[in-house]
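Since the model is a prediction, treat every value here as computed from it, not as a measurement. Throughout, a chain's letter reflects where its sequence line sits, starting with A, and its residues are numbered from 1.
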Amino acid sequence: MNAVEIEEAVSKLAEQPFEPQEFPFAFLEAFGNKATTIKRLRSGASNKSDVGGVLQANNIHLAVAKLGAVTQTLGALKASPQTAKAKVKFILATDGDLFEAEHLDSGETLACEFDNFAEHFDFFLPLAGISYVNELRETAIDRGAARRLNRLYVELLKDNPDWGSEARRRDMNHFMARLIFCFYAEDTGIFHPNHPFTSTIEKMSDRDSSNTDEVIGELFRAMNTRKIDHEAAGIRNWARAFPYVNGGLFGGNLDVPRFSRIARSYLLHIGSLDWTKINPDIFGSMIQAVADDEERGALGMHYTSVPNILKVLNPLFLDDLREKLGDAGDNPRKLAILRSRMAKIRVFDPACGSGNFLVIAYKQMRDIEAEINRRRSEAERATDIPLTNFRGIELRDFPAEIARLALIIAEFQCDQIYRGQQLALAEFLPLNAENWITCGNALRLDWLSVCEPTGKGGGKIYADDLFGAPLDQTKIHFENEGGETYICGNPPYSGYNKQTAEQKADLESVFAPVMKRWGNLDYVAGWFIKAAQFIQQSDGAAAFVATNTICQGGQVPILWPWIFAARQKIAFAHTSFKWANLAAKNAGITVVIVGIARGSNDPATLYEEAIEGIEVRQVTNINGYLAPSANIFIQAATQPISSISKMNFGNHPYYGAALIISRYDASEMVANDNRIAEFVRPYYGSAEVINANPRMCIWVRDDQADQAAAIPDLKRRFLSVQADRRSKPSDSTATTLVKSPYRFRDQVESSSYFIAVPQTSSENRPYLPCNVIRAPAVASFKCFAIHDAPLWNMALIASRLHWVWIGTVCARLEMRFSYSNTLGWNTFPVPTLTEKNKIDLTRCAEDILLAREAHYPATIADLYDPETIPDNLREAHERNDEVLERIYIGRRFKNDTERLEKLFELYTKMTTERPHSG
DNA sequence: GATCCGACATTTA
DNA sequence: TAAATGTCGGATC
């Protein structure tokens with residue numbers, strides 16, 4: 001069961017009348033326990049309770065109390081020896097009136113009326129093995145709201161096709177933003193409770209919906225007109241009860257699209273949702289999906305989850321604020337100093353989307369400030385944290401609008417929580433007309449002018465329109481004289497060979513002035529450069545979520561030397577973790593978080609996912625590979641830096657797909673015409689090596705071209721290749737190859753065998769896959785090959801040292817290994833090998849092959865399954881590592897960290913003593 | 001001329 | 001439907 005399903009089940013349970021006998025079992029069932037589990041508990045077979053309740057070992061001990069004795073029963077549960085013995089996570093007691101529970105691990109308690117317990121279902125999610133607790137409940141509602149808004153949006157576009165045009169798109173977006181504001185306002189008391197927005201529309205508009213647009217338009221007009229002018233403006237009586245909102249929200253074009261009956265009923269339906277529960281953290285992202293063609297299908301695929309946002313914000317500056325809060329204790333002066341520091345902090349998200357990072361940062365800071373005010377006995381004090389210190393840049397106009405709306409709502413919610421409903425309401429309307437979210441291209445804008453350095457620049461400029469103000473209207477003075485700026489966000493990623501022409505041009509504008517050879521960098525790297533440039537001018541730090549490849553392979557020696565030369569360091573980092581949010585479909589990507597700050601001798605903090613949770617380490621330095629080691633850069637090399645054999649890239653078909661055939665097709669072709677046999681060879685890529693299951697290819701040497709073309713089955717395939725290559729007129733290589741359609745672009749073969757190294761392979765194996773492949777088989781471009789070379793080369797590839805090296809300095813596909821000859825093999829530092837060393841290593845490689853042979857026909861995939869790797873094979877690898885590691889340091893390495901340290905050290909030594917060009 | 005990497009792509013359990 | 005695990009193209013240096 002997922003969280004949404006659990007919420008449904010719990011709500012259903014809460015609606016039913018309370019049955020003391022049944023309740024414990026029904027509760028467990030709602031959290032996904034199987035019928036058999038419950039049966040065994042019911043029968044008493046597995047029920048360990050010693051206080052007359054129900055105890056499920058390792059999970060929960062719950063009991064139904066006598067009326068009025070809930071607290072007492074909970075105490076008994078807590079004191080029960082069985083509770084401790086059975087390692088219970090939760091205790092729970094209820095009498096059908098009150099409901100109390102405690103999470104024993106954290107000590108968190110829950111007390112509510114029985115009727116409301118379903119609202120707290122997330123408290124118990126660990127029971128179902130779900131631990132990403134905080135955001136779930138809200139998100140279920142946010143997603144529901146987003147889906148309904150999406151339906152309304154689509155329906156309105158159906159009825160008003162012109163509103164979907166480029167010219168009117170912004171009107172449509174404005175309209176949706178206004179609606180969202182109204183829904184929120186009517187549920188939170190911003191509108192007078194006697195005059196709800198939704199039911200006014202329902203009452204005043206005809207059932208056939210013919211005048212729905214006019215009714216809404218009139219309400220909008222009221223909200224755009226000061227109270228005293230309502231009469232003069234001729235606002236209809238039924239609309240006069242609505243307040244003056246404006247702040248730009250209802251300024252400008254007040255057109256309303258026409259509503260069909262279906263659209264009207266969607267509208268009323270959305271209004272009936274409980275919008276007080278909407279969580280501006282996430283709802284912005286959901287809402288933006290409503291209007292975004294790209295996002296609509298995925299519904300929020302790219303929004304950053306709250307836990308991940310906190311992985312950025314906490315180490316960036318929130319942890320420090322909390323630490324200072326702790327240090328200040330109850331000292332009023334220290335608390336006031338912290339408060340005034342916070343009032344000057346700017347948070348700047350140059351890829352803000354609908355403002356999630358800004359909203360979370362704002363809410364977290366308000367929480368800290370509220371604690372300060374509480375300790376200083378100033379609970380009702382207005383906040384000192386200006387909303388305008390939370391700046392953003394966003395490319396698309398709708399999210400930019402939503403970002404501001406989300407911040408406004410966040411401010412209102414914080415005022416409600418920390419200062420009370422009355423004060424919150426009193427100061428809310430009319431909305432401030434400033435616009436502090438810039439709609440524009442972050443890589444093209446001057447961040448210093450969007451988020452100007454402290455204390456400089458002109459006076460306040462108000463945007464005449466709340467939304468999407470032109471750039472020159474965004475120079476709003478910061479109220480942060482002497483303050484810090486924290487840059488954060490989750491900018492878009494795009495690899496160099498997937499970037500659009502526009503994106504390339506964006507990057508060029510950033511990189512051309514500062515470096516050459518930037519063409520292999522990911523799009524997100526542009527944000528790091530601009531952030532580094534910004535921090536050089538201003539107090540603060542920056543941290544982004546980014547694709548992990550910016551800290552891997554070829555990108556490291558391009559991007560990070562520049563950042564470090566700009567006197568920045570990696571102040572903290574979170575190593576690779578799989579992207580996840582609660583959207584139905586997640587982007588398939590693995591990300592890192594990297595925080596940069598001005599260089600200093602302070603320790604850096606390295607976060608790594610571990611089974612127990614997130615492991616945190618203080619280290620002296622974090623390098624561009626996110627390793628806790630010196631700043632080292634592995635440059636791709638065209639020749640090995642060590643005395644090892646040359647490794648070739650495999651044979652690239654280059655639109656020669658028709659030359660690659662299955663084994664079945666190959667035997668059919670040969671059966672059809674025996675002359676073909678001579679031209680067919682086994683063809684090994686990654687999967688073929690790993691699974692010992694080659695495909696076949698047509699392999700024709702230049703001097704055999706005519707002979708092969710005379711065979712009809714081959715000729716047909718050559719023509720197909722020719723056509724494919726001809727279809728790429730802009731590709732000079734393809735054009736050249738049109739003349740030789742009988743062959744791959746590359747044509748390298750071995751005379752007796754080659755050592756094959758798969759290009760992509762699973763990260764779960766304890767050693768890299770490799771094998772000896774005999775001629776006449778050939779390597780595909782998914783497989784690297786050392787042709788007819790001594791076998792001790794394979795001993796190196798099969799070693800744990802190489803596994804560590806490749807895993808660190810080559811790129812990865814998500815977490816998969818992605819082997820590279822230039823980055824991984826040619827750079828692999830190997831001490832000078834004596835003849836004796838080579839003989840020993842050759843023996844080790846032979847032993848590995850023999851150990852595998854003993855399990856014939858098991859494949860590499862079978863043999864290297866980490867769970868079931870055979871003992872003899874593991875021992876052969878151990879001996880191989882023993883021999884090789886003794887060559888390095890005269891003993892075995894203690895662990896992979898030590899291996900990497902030594903390799904980095906040796907690499908540095910070898911490349912500086914004997915400089916390598918390339 | 002050679003190759004790196006994928007806000008992935010496809011297969012498998 | 002989630003988990004496992006590697007295709008294939010094509011821009012870049």
A:His787: partners by ring-ring contact (aromatic ring centres under 6.0 Å, His included), with sequence neighbours left out: A:Phe754

Result of checking A:Tyr523, A:Tyr493, A:Phe544, A:Phe511 against A:Phe528 for ring-ring contact (aromatic ring centres under 6.0 Å, His included): A:Phe544

A:Trp825 and A:Tyr819 aromatic centres sub-6.0 Å: no

Pairwise P distance for C:dT5 and B:dC5, with rounding to whole Å: 22 Å

Residues that A:Arg743 engages under salt bridge (Lys or Arg N to Asp or Glu O under 4.0 Å), provided they are two or more places apart: A:Asp702

Exercise answer: donor-acceptor pairs, residues 644-655 of chain A side-chain atoms, under 3.5 Å, sequence neighbours excluded:
{"unit_1": "A:Ser645", "atom_1": "OG", "unit_2": "A:Asn793", "atom_2": "ND2", "d": "2.9"}
{"unit_1": "A:Asn651", "atom_1": "OD1", "unit_2": "A:Gln747", "atom_2": "N", "d": "3.4"}
{"unit_1": "A:Asn651", "atom_1": "OD1", "unit_2": "A:Val748", "atom_2": "N", "d": "2.8"}
{"unit_1": "A:Asn651", "atom_1": "ND2", "unit_2": "A:Val748", "atom_2": "O", "d": "3.1"}
{"unit_1": "A:Asn651", "atom_1": "ND2", "unit_2": "A:Ala779", "atom_2": "O", "d": "2.9"}
{"unit_1": "A:His652", "atom_1": "ND1", "unit_2": "A:Tyr654", "atom_2": "N", "d": "2.9"}
{"unit_1": "A:Tyr654", "atom_1": "OH", "unit_2": "A:Asp731", "atom_2": "OD1", "d": "3.2"}
{"unit_1": "A:Tyr654", "atom_1": "OH", "unit_2": "A:Asp731", "atom_2": "OD2", "d": "2.7"}

For A:Arg444, all residues meeting salt bridge (Lys or Arg N to Asp or Glu O under 4.0 Å), sequence neighbours excluded: A:Asp506

Donor-acceptor pair between A:Glu749 and A:Trp699 side chains, under 3.5 angstrom: yes

Contacts of type side-chain hydrogen bond (donor to acceptor under 3.5 Å, both in side chains), residue A:Lys782, not counting sequence neighbours: none

Which residues share a ring-ring contact (aromatic ring centres under 6.0 Å, His included) with A:Phe718, sequence neighbours left out: none

Partner residues of A:Glu688 under the salt bridge (Lys or Arg N to Asp or Glu O under 4.0 Å) criterion, sequence neighbours left out: A:Arg695

Sugar-phosphate only, base, or nothing, as touched by A:Asn490 at under 4.0 Å among non-hydrogen atoms: base

Sugar-phosphate, base or nothing in reach of A:Pro492, heavy atoms under 4.0 Å: base

Pair A:Thr859-A:Asn691, side-chain donor/acceptor within less than 3.5 Å: no

Per-nucleotide protein contact string for nucleotides 4-11 of chain C, where B marks a base within reach and S marks sugar-phosphate only (heavy atoms under 4.0 Å, - for neither): -BBBBBBB

Base-pairing string, 5' to 3', of DNA chain B - Watson-Crick or wobble, under 3.5 Å, | interstrand: ||||||.||||||

Would you tabulate the nitrogen or oxygen pairs shorter than 3.5 Å linking the protein to nucleotides 10-13 of chain B?
none

Backbone N/O of A:Thr575 and side chain of A:Glu608: donor-acceptor pair under 3.5 Å: no

Nearest-Å distance for atom pair CG/P, residues A:Leu521 and B:dC5: 11 Å

Integer-rounded Å distance: B:dC5 C1' and A:Tyr523 OH: 19 Å

C1'-based separation of B:dT10 from B:dG6 [nearest Å]: 14 Å

Residues A:Glu502 and A:Lys504 bridged, charged N to O under 4.0 Å: no

Sugar-phosphate only, base, or nothing, as touched by A:Pro491 at under 4.0 Å among non-hydrogen atoms: base

Touch class at under 4.0 angstrom, heavy-atom based, for A:Asn648 against every strand present: nothing

Residue list, salt bridge (Lys or Arg N to Asp or Glu O under 4.0 Å) with A:Arg852, at least two apart or on another chain: none

Interatomic distance, A:Ile589 CD1 vs B:dG6 P [rounded to whole Å]: 6 Å

Distance in angstrom units between A:Phe511 CZ and C:dT12 C1', rounded: 15 Å

Of residues 542-554 of chain A, the positions that come close to DNA chain C - non-hydrogen atoms, cut-off under 4.0 Å: none

